[in-house]
Amino acid sequence: MHYSAAAPYVWGPAFEGDAGSMLSSDQCIIKGQHFFVKGLIEIPVLGSAEVFSWGVWVSLSRDNFGRALERWETPGREGEPPYFGWLSTELPIYSPDTVNLRTRVHTRPVGERPYVELEPTDHPLAVEQRTGITRDRVHEIAAAVRRLP
């Protein structure tokens, strides 16, 4: 019921060891100029209380990343207004591409990944987030993800 990307699509081995770059399980900085947080796109599974989720990376502005980082361990951080961001994870089972879809990143209580809300467009991923998916679609996604390199 959950699949996750290890890094933003732009991360590569060339950034490992770079003084201005870092990758953790929750945050990423590339060359001190590009800033990312990891969050969840949650999709309701129709006819159940379950939720399917994609663990994705979202780019934030320097200011919003700094603000999120300052409050990362602060109780009550979920009161923060959402941050605008660009989806920075390629989910190859969707067409067109998911990279650079507009998002709003909603901070949750300490210890919980942010909720990533996609702009309500006609992109298939955004439609699924708004309308939900069937259990058969969950199986389709699982089969497609297993076939990925």
Side-chain angles (χ1 to χ4, degrees), residues 1-12 15 21-30 33-149:
M1 296 299 287
H2 175 82
Y3 293 96
S4 189
Y9 81 102
V10 293
W11 180 264
F15 300 121
S21 302
M22 62 79 72
L23 174 65
S24 73
S25 60
D26 298 307
Q27 299 139 0
C28 179
I29 300 172
I30 296 178
Q33 298 175 2
H34 305 282
F35 307 90
F36 308 86
V37 294
K38 192 167 190 180
L40 299 174
I41 294 174
E42 295 177 342
I43 303 172
V45 178
L46 301 172
S48 78
E50 293 182 288
V51 173
F52 175 85
S53 63
W54 289 106
V56 297
W57 292 88
V58 176
S59 69
L60 298 179
S61 69
R62 177 186 301 271
D63 289 345
N64 283 342
F65 181 81
R67 187 166 173 87
L69 204 54
E70 285 173 11
R71 288 154 182 77
W72 202 258
E73 296 294 329
T74 304
R77 71 182 191 165
E78 61 274 17
E80 278 289 293
Y83 305 119
F84 173 80
W86 298 99
L87 187 59
S88 299
T89 297
E90 182 179 356
L91 300 174
I93 70 164
Y94 292 97
S95 181
D97 196 350
T98 57
V99 171
N100 290 327
L101 291 176
R102 295 168 61 99
T103 70
R104 291 169 43 107
V105 177
H106 298 264
T107 306
R108 292 181 171 163
V110 173
E112 293 183 36
R113 287 206 188 279
Y115 171 71
V116 177
E117 175 189 15
L118 295 168
E119 181 179 72
T121 65
D122 62 352
H123 189 282
L125 179 58
V127 171
E128 286 183 348
Q129 186 179 42
R130 284 193 314 274
T131 63
I133 57 176
T134 63
R135 177 137 330 260
D136 287 344
R137 175 66 175 143
V138 172
H139 293 297
E140 250 179 60
I141 291 169
V145 168
R146 280 194 297 272
R147 289 192 299 271
L148 295 175

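Here the structure is a predicted model, which is why all the values come from computation and not from measurement. For the numbers below, each heavy atom of this structure counts, side chains included, while hydrogens, waters and symmetry mates do not.
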Evaluate the side-chain proximity of [Y] to [X]: yes if any heavy-atom separation is below 4.5 Å, no if none is.
| X | Y | value |
| --- | --- | --- |
| P96 | P124 | yes |
| F36 | V56 | no |
| R137 | E128 | yes |
| I141 | I133 | yes |
| V45 | M1 | yes |
| L69 | Q27 | yes |

Taking all non-hydrogen atoms of both residues into account, name the closest pair between [X] and [Y] and its distance.
| X | Y | answer |
| --- | --- | --- |
| A7 | L23 | CB-CD2, 3.8 Å |
| E42 | V51 | CB-CG1, 3.5 Å |
| R77 | R71 | CD-O, 3.3 Å |
| T121 | V127 | O-CG2, 3.8 Å |
| T98 | E90 | OG1-CA, 3.5 Å |
| G55 | L40 | CA-CD2, 3.9 Å |

| Can R67 and D63 be said to form a side-chain contact (heavy atoms from CB on, under 4.5 Å), step by step? | CA-CA 6 Å; R67 187 166 173 87; D63 289 345; over 6 Å; no
Starting at [atom1] of [X], measure out to [atom2] of [Y] and round the result to the nearest 0.5 Å.
| X | Y | atom1 | atom2 | value |
| --- | --- | --- | --- | --- |
| S4 | W57 | OG | CH2 | 8.5 Å |
| N64 | S59 | CG | OG | 10.5 Å |
| Q129 | W54 | CD | CH2 | 13.0 Å |
| E119 | F84 | CD | CZ | 7.5 Å |
| L91 | L101 | CG | CG | 9.0 Å |
| L125 | L118 | CG | CG | 5.0 Å |

| said: Tell me whether the rings of F52 and Y3 are parallel (<30°), tilted (30 to 60°) or perpendicular (>60°). | reply: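 It falls in the tilted class, 30° to 60°.
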| field | Side chain K38, main chain A5, donor-acceptor under 3.5 Å | value |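 Checking the backbone N and O of A5 against the side chain of K38, a donor-acceptor pair under 3.5 Å is found.
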| request: Taking T103 for its side chain and V105 for its backbone only, find out whether a donor-acceptor pair lies under 3.5 Å. | output: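 Side chain of T103 to backbone of V105: no pair is present.
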List for me each residue that meets ring-ring contact (aromatic ring centres under 6.0 Å, His included) alongside [X], sequence neighbours excluded, and say none if there are none.
| X | answer |
| --- | --- |
| Y83 | none |
| W72 | none |
| F35 | F65 |

